[in-house]
There are 2 protein chains.
Amino acid sequence: MKKTTPIPARTIERMVLYKRLLIDLKSKGVHTLFSHQLAALAHNTSTQVRRDLMEIGHSGSPRKGYDVTELISNISGILDGSKERIIALVGVGNLGRAILSYFTYSHPGLTIAAAFDTDENKVDRVISGCRCFHMSQFESKISEMNINLGIITVPAAQAQYVADRMVAAEIRGILNFAPVPLKVPGGVFVDRIDIASSLEKLAYFADLS
Amino acid sequence: MKKTTPIPARTIERMVLYKRLLIDLKSKGVHTLFSHQLAALAHNTSTQVRRDLMEIGHSGSPRKGYDVTELISNISGILDGSKERIIALVGVGNLGRAILSYFTYSHPGLTIAAAFDTDENKVDRVISGCRCFHMSQFESKISEMNINLGIITVPAAQAQYVADRMVAAEIRGILNFAPVPLKVPGGVFVDRIDIASSLEKLAYFADLS
DNA sequence: AACTATATGTGATATATTTCACAACATGGA
DNA sequence: TCCATGTTGTGAAATATATCACATATAGTT
């Protein structure tokens, strides 16, 4: 079996953060730390940290705290699934290019293997270190390269169409930057990053305080 | 008084979505709709929609549903605060430029009034329709232009420094694209968009299904 | 004018998530 | 060796969020 208890979504989000913070600490020579120290870095409480670590079954020592290396490896064991994550990006506009260039400095274990667009000026070129193909080759490249995650950076009007093709190509996770909710069958996970929405939310909560 | 009951954060997020969907519907000539129709578009349930609208005190008619125009105006009344939202963006790299160009087609009520960087090649130029200033002019421009929201698109190492200057310049809301949590005093609202984290989360949830 | 069918609005309930509070426990020092 | 200290791990309580279930309302029909 893969996992015994379903780990809460929020916990997973924090886990990603913990992992990055811990890797950073390790590179600075920190070998051990307490829940309240990690909490200070992650900007939450020590109870939350301990509860999260409990979720993944990690334990530390009451007086020494947590072993950084061991904790990183435990968290990675949870986050890094069984199969490799290989990503396709569709829509090589400004945002698409920005994301490509951001990931050129190969993020740990996350590789954008191919980009797709319908604009002939972009097709068959290497853009920010990533080869750009025409959408007509989408299905064949996805299966050829074993791609299982997708990023959508096309305009809203085309987002659902692209999502449908991703689903048909057996992509299991989609990160959607278009400002529309996508309809996908169960078993496909979608996350949306909506910059305009975030700004509106920001404006709302910045007002009160 | 501004608001009587604190509206749940999640409700606000959905409200932003509703508003956009409704504006789109209105432009297509839809005058009235039922909660289950909005729910279908927003990808949630009719109960959720009704509960959300209850939150802002909007009511409809059992047989006609909700009046689109009236609903848009009610939601806007909640979301659009008293003062105008004027935004500064710091860090004119790939991501920063992508965001600038995205907002050039002036999103409703959200204007990026100025961009800032320390790179002399970018300073004093107009980039994607937005004037770019040197960071040394940050404080003066913020107050001169009445900017109250900030977007951080600098590398992780400088993010906290930029946030500190934003806070000092009395910016009340910060949208942070750098992969580090920011420490800010109470009263300042921070939201983080972390693309790498989102991909990791995606990878995790795409695995199970 | 009364009836019917279909939505709304919302108290009550269920679920998810966070926080509290404290017993159990290691470690360094007396 | 035993104690004092400060941390872990976690049941229980609190809070936040979503869903259920149904009484209430209203427009069209007869």
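Letters A, B, ... are given to chains in the order of the sequence lines, protein chains preceding strands, and every chain is numbered from 1.
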Worksheet item: How close or far is atom P of dA27(D) from atom CZ of Phe34(B), stated in whole angstroms?
Response: 11 Å
Discussion item. Measure CE/Met15(B) against C1'/dA18(D) and give the value in whole Å, please.
Written reply: 15 Å
Discussion item. Test: salt bridge (charged side-chain N to carboxylate O under 4.0 Å, His left out). Region: residues 149-163 of chain B. Which pairs qualify, not counting sequence neighbours?
Written reply: none
Worksheet item: By side-chain contact (heavy atoms from CB on, under 4.5 Å), which residues pair with Thr118(B), not counting sequence neighbours?
Response: His134(B), Met135(B)
Worksheet item: In whole angstroms, how far is the P atom of dT7(D) from the CD atom of Gln37(A)?
Response: 9 Å
Discussion item. Pair Leu41(B), Leu25(B) - check side-chain contact (heavy atoms from CB on, under 4.5 Å), show working.
Written reply: CA-CA 10 Å; Leu41(B) 293 172; Leu25(B) 285 173; 3.7 Å; yes
Fill in: ring pair (Phe, Tyr, Trp, His ring centres under 6.0 Å) partners for Phe116(B), two or more places apart
Phe133(B), Phe138(B)
Worksheet item: Quick one: ring pair (Phe, Tyr, Trp, His ring centres under 6.0 Å) partners of His36(A), sequence neighbours excluded?
Response: Phe34(A)
Without placing hydrogens or testing angles, list every side-chain donor-acceptor pair under 3.5 Å for residues 144-152 of chain A, not counting sequence neighbours.
unit_1	atom_1	unit_2	atom_2	d
Glu144(A)	OE2	Lys141(A)	NZ	3.4
Asn148(A)	OD1	Ile86(A)	N	3.1
Asn148(A)	ND2	Glu84(A)	O	2.9

Worksheet entry | Any residue meeting side-chain contact (heavy atoms from CB on, under 4.5 Å) with Asn44(A), in chain and number order, not counting sequence neighbours | Arg14(A), Tyr18(A), Ala39(A), Ala42(A), Gln48(A), Val49(A)
Item to complete: Anything under 4.0 Å to a heavy atom of chain A counts; send over the first and last such nucleotide of DNA chain C, read 5' to 3'.
Response: dT17(C) to dT27(C)
Worksheet item: In a check of side-chain contact (heavy atoms from CB on, under 4.5 Å) between Cys130(A) and each of Ile99(A), Leu100(A), Thr111(A), which one passes?
Response: Leu100(A)
Worksheet, complete the sentence: Taken in chain and number order and not counting sequence neighbours, the residues that satisfy side-chain contact (heavy atoms from CB on, under 4.5 Å) with Val68(B) are Leu22(B), Lys26(B), Val30(B), Leu33(B), Ile72(B)
Fill in: Contact residues, residues 59-69 of chain A to DNA chain D [heavy atom, < 4.0 Å]
Ser59(A), Gly60(A), Ser61(A), Pro62(A), Arg63(A), Tyr66(A)
Fill in: With sequence neighbours excluded, residues passing side-chain contact (heavy atoms from CB on, under 4.5 Å) with Ala156(B)
Pro179(B), Val180(B)
Fill in: Which residues share a salt bridge (Lys or Arg N to Asp or Glu O under 4.0 Å) with Arg97(B), sequence neighbours left out
none
Response to the item:
Atom CE of Met54(A) and atom C1' of dG9(D) are separated, to the nearest Å, by 7 Å
Worksheet item: Rounded to whole angstrom units, what separation is found between the CG atom of Leu33(A) and the P atom of dT7(D)?
Response: 12 Å
Worksheet entry | Touch class at under 4.0 angstrom, heavy-atom based, for Thr11(B) against every strand present | nothing
Worksheet item: Going by heavy atoms closer than 4.0 Å, what residues in residues 42-53 of chain A are next to DNA chain D?
Response: Arg50(A), Arg51(A)
